[in-house]
Amino acid sequence: MAEEKKEKYVRPSWDEYFMGIMEMVSKRATCDRGRQAAIIVKDNQILVTGYVGSPVGLPHCDDVGHMMKEVHHEDGSVSNHCVRTLHAEQNAIAQAAKRGVAIDGGTMYCRMTPCRVCAAMLINCGIKRVVTQNKYHQGQTGLLEEAGLEVVVLKDELEEYEGMTEPASDKK
């Protein structure tokens with residue numbers, strides 16, 4: 001009887017591992033326009049997680065619908081955003097603050113390149129590295145890089161979801 005040759009198991013890289021966990025956290029998101037999540041890691045240990053959702057105790061999009069707002073961007077594009085919820089990055093930062101967890105020097109894993117507000121918050125929180133799956137049409141990689149953060153975009157693809165605009169240039 002011939003012996004079957006078993007392929008050697010290859011462990012995922014740290015980035016693959018944490019992106020997989022981020023995907024699972026995104027299943028908790030409560031806005032169906034973009035079930036996003038973010039996790040903050042330091043020294044290969046998860047510090048906090050966050051996902052798109054309404055502030056604690058307030059209604060969720062999945063239950064009562066979206067609260068849409070038209071946003072006019074610096075590059076002239078217009079997009080519609082649900083303002084009922086906080087972004088995953090914002091919720092992760094809020095969880096760190098609520099729990100007294102220092103995130104200075106950490107890495108943020110999230111599905112899309114952060115918007116301007118989230119990028120500014122990450123800079124001020126001391127995050128040193130941002131790893132994303134895809135690009136966001138209003139993502140701020142230039143701002144993050146200008147502030148000295150390492151930005152890793154795993155797929156050179158634009159994240160698409162309901163109501164987004166055409167891609168905008170990566171403004172600072």
(request) Among Thr85, Val52, Asp32, find the residue that satisfies the side chain to side chain contact (heavy atoms under 4.5 Å, CB included) test when tested with Cys61. (result)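 The option that passes is Thr85.
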(message) Using the side chain to side chain contact (heavy atoms under 4.5 Å, CB included) definition, which of the options Met68, His66, Met67, Lys69 pairs with Arg84?
(response)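 Only match with Arg84 under side chain to side chain contact (heavy atoms under 4.5 Å, CB included): Met67.
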(message) Surrounding CG of Asn44 (heavy atoms of other residues, nucleotides or ligands, distance under 6.0 Å), is the total greater than 12?
(response) yes
Do [X] and [Y] touch side chain to side chain, with heavy atoms closer than 4.5 Å?
{"X": "Tyr109", "Y": "Arg129", "value": "yes"}
{"X": "Ile123", "Y": "Glu146", "value": "no"}
{"X": "Asn91", "Y": "Val48", "value": "no"}
{"X": "Met112", "Y": "Thr132", "value": "no"}
{"X": "Gln90", "Y": "Cys118", "value": "yes"}
{"X": "Glu89", "Y": "Met108", "value": "yes"}

Spacing of [atom1] belonging to [X] relative to [atom2] belonging to [Y], to within rounding of 0.5 Å:
{"X": "Leu144", "Y": "Lys128", "atom1": "CG", "atom2": "NZ", "answer": "12.0 Å"}
{"X": "Arg111", "Y": "Met19", "atom1": "CZ", "atom2": "CE", "answer": "8.0 Å"}
{"X": "Ile46", "Y": "Thr107", "atom1": "CD1", "atom2": "OG1", "answer": "12.0 Å"}
{"X": "Glu23", "Y": "Ile39", "atom1": "CD", "atom2": "CD1", "answer": "10.5 Å"}
{"X": "Thr49", "Y": "Ile21", "atom1": "OG1", "atom2": "CD1", "answer": "10.5 Å"}

(request) Please state whether the rings of Trp14 and Tyr17 are parallel, tilted or perpendicular, taking 30° and 60° as the class boundaries. (result) perpendicular
Is it true that [X] and [Y] fall in one hydrophobic cluster, defined by side-chain heavy atoms closer than 4.5 Å?
{"X": "Val151", "Y": "Met121", "value": "yes"}
{"X": "Val41", "Y": "Val131", "value": "yes"}
{"X": "Val117", "Y": "Ile93", "value": "yes"}
{"X": "Val101", "Y": "Ile127", "value": "yes"}
{"X": "Leu149", "Y": "Val152", "value": "no"}

Minimum heavy-atom distance between [X] and [Y], given as atom pair plus value:
{"X": "Pro114", "Y": "Leu122", "answer": "CG-CD1, 3.8 Å"}
{"X": "Gly50", "Y": "Val25", "answer": "O-CG1, 3.8 Å"}
{"X": "Val130", "Y": "Cys110", "answer": "CG1-SG, 4.2 Å"}
{"X": "Leu143", "Y": "Ala119", "answer": "CD2-CB, 3.9 Å"}
{"X": "Ala92", "Y": "Ala38", "answer": "CB-O, 4.2 Å"}

(message) Which residue in the set Arg35, Arg33, Arg28 passes salt bridge (charged side-chain N to carboxylate O under 4.0 Å, His left out) when paired with Asp62?
(response)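 Going through Arg35, Arg33, Arg28 one by one, the salt bridge (charged side-chain N to carboxylate O under 4.0 Å, His left out) with Asp62 is satisfied by Arg35 alone.
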(request) Give a yes or no answer on whether the side chain of Asp75 reaches the backbone of Ser77 with a donor-acceptor pair at less than 3.5 Å. (result) yes
(message) So does Asp104 get a backbone contact from the side chain of Lys42, meaning a donor-acceptor N/O pair under 3.5 Å?
(response) yes
(request) Give a yes-or-no answer on whether the side chains of Asp15 and Ser13 include a donor-acceptor pair shorter than 3.5 Å. (result)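 Not at all, the side chains of Asp15 and Ser13 share no donor-acceptor pair under 3.5 Å.
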